[in-house]
Structure formats: structure tokens, C-alpha cells
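Throughout, numbering of the chain's residues begins at 1 and tracks the sequence. Every number for a ligand or one of its atoms is a count from 1 in the order of the listing. This structure is a prediction, so every number in the text was calculated from the model and none was measured.
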Amino acid sequence: TQSTRPQRLLGAVQKKATRGNPRSVIQTIDQFCRQREWAMNVGDEKGCILDSVVTETNPTTVLELGTYCGYSTVRIASLLPPQARLITLEFNPDFARIARQVITWAGVQDKVELVEGASGDLIPKMKAQFGVNTFDLVFLDHWKDRYLPDTKLMEECGLLKKGSILLADNVICPGTPDYLEYVRNSPRYQSQYFKSHLEYTKVEDGLEKSVFLG
Ligand code: SAM
Ligand code: MG
């Protein structure tokens, strides 16, 4: 039987990355994607912007929409202060299974709760079933037409507080025009674009950082 790209990516991690070393796992995945097969991780270039936002936010509770193989999960989790927690949502069970192994290989599993399911179903359950009050930081990187409805859902569910940060990937490529329109024009957000490139390419893409003003 043929292997899938996520399985080959995991294979590279198991072969080359040092167990318990998140930077080694990240570096191995970036190398695999640059030299072997492109994959939809946030990648090294935009990953540096993600790192800075995580570090300056110093969040206690983080939500990630779209885990895939766990690349950005490992990046975020490795920068969290002690006691902080990252919930990451993934609706594809094959990807979730790979991601759990990548997260464990990196040694950040104690900080991460990977929940399998669709964001639209899980966001309304965050308070009652997952004990969340509000999120300090949300990384949006799932299907692009879900950024806007899920943001409105998080607002309705009371998951954002004054100062909560939304960080959205791929706002140019593939693009999230309705979401950008919303966060840039709503008086409830203060929004800023970080220009970069689509993972592992020279195509323009970037991250949008939006502060929820309450
Ligand atoms: N954040 C990852 C990283 O940078 O390493 C990449 C995530 S990938 C671009 C998007 C993932 O979101 C896919 O694995 C897809 O299955 C998942 N996804 C898409 N829509 C979703 C939804 N509504 N709920 C949960 N997962 C979703
Ligand atoms: Mg992305």
C-alpha cells in the first residue's frame, strides 16, 4: 500500500529529529518540505512571525484551528510559559493520528490537547466541555472559508476578551478576503498585516494579527 504525505513527513521526523527537541522536529519538517515534498505547514519564514507573536503575547490559553501534522502546534507549544495550554482542532482523523505522534516526538504533549472534530461543532463546547474561559491567542489556519464564521462564533460564545489576539495564516494565498474585510473594518478589532511568503515558496502571503478590543 502507498504511504501518504503526512506518513512520509512523520517518517522523516522519526528518522532524523531528536526526541524531546521541538526545534529539531521543526527543522526536520522544514527540510523535508523544502527538499522532498511541499506541505501546508505554516513553515519556517511565517513561523518566525508566529513565534514572535506567541512570545510577545505570552498566552495562558491558546486555540489553534487546523492541526494537520502538528508542525505549528509544536512551534507554539514549545514557546508557551509553564502552566499554559494549547487546544488544537483537527477534523481529519488520519492527520490527527500523525500529529499526535509528531507532538509526542517533540515532547510537548503535556501542553497540548488535540481535539478531533470540526471547529464549528467544537467552538461552542469549549467552555462547558473543555473548561476554557477565554483564549489569549487564536491561530487560524484551517479551511479559509471558515475563518470568518468561526471568528463570529468565538465572539458569540464569549471566548474572546479585551486584548485577545487572532493570528490568521494565508490571508493572501490562498486568501481569506471576507475575513480580512471584517477584521480590518470592524471597530472591535485593531488589525495589522505581516508580509511574508507562502510556506516553502516565493509567492506572497502573510499573517494578519488582530487584537480584539471588546
Ligand atoms: N496549522 C498547521 C501547521 O501550520 O502546521 C497546518 C494546518 S492545514 C493548513 C489545515 C488543516 O485544517 C487541515 O489538516 C484540515 O484537515 C483542517 N481543517 C480544515 N477545516 C477544519 C475545520 N472546520 N475543523 C477542524 N479542522 C479543519
Ligand atoms: Mg497555513
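- Side-chain contact between R36 and R8 is absent, with no heavy atoms from C-beta onward closer than 4.5 Å.
- Contacts between F95 and ligand 1, counted as non-hydrogen atom pairs separated by less than 4.0 Å, involve the side chain only.
- Not a single heavy atom of G120 sits closer than 4.0 Å to an atom of ligand 1.
- Contact analysis leaves L65 out of contact with ligand 1, as no non-hydrogen atom separation drops below 4.0 angstrom.
- Metal site remark for the Mg ion (ligand 2): D169 contributes an N, O or S atom at a distance under 2.8 Å.
- R23 and D51 are joined by a salt bridge, as a carboxylate oxygen and a charged side-chain nitrogen come within less than 4.0 angstrom of each other.
- Less than 4.0 angstrom separates some heavy atom of G117 from each of these atoms of ligand 1: 24 (N), 25 (C).
- Closest heavy-atom approach to atom 15 (C) of ligand 1 among the candidates E64, R75, E116, E90: E90.
- Judged by distance alone, the side chains of D30 and Y71 do bring a donor and an acceptor atom under 3.5 Å apart.
- Under a cut-off of 6.0 angstrom, the local environment of CD in E37 is crowded, with over 12 non-hydrogen atoms contributed by other residues, nucleotides or ligands.
- D141 contributes atom OD1 as its closest N/O/S atom to the Mg ion (ligand 2).
- Residue-environment remark: CD (Q101) exceeds the threshold of 12 foreign heavy atoms within 6.0 Å.
- For atom 12 (O) of ligand 1, the nearest non-hydrogen atom of the protein is G66 CA, 3.3 Å.
- Using a cut-off of 2.8 Å, one finds that M40 contributes no N/O/S atom close to the Mg ion (ligand 2).
- Checked by atom type and distance alone, the side chain of Y179 never pairs as donor or acceptor with a backbone atom of V171 at under 3.5 Å.
- Of the listed residues (W143, Y147, Y68, F91), the one carrying the non-hydrogen atom nearest atom 22 (C) of ligand 1 is F91.
- For D169, no heavy-atom contact with ligand 1 is shorter than 4.0 Å.
- Residues F212 and R188 meet the side-chain proximity criterion, which asks for heavy atoms closer than 4.5 Å.
- Remark: the backbone N or O of H142 is paired with a side-chain donor or acceptor of K144 at under 3.5 angstrom.
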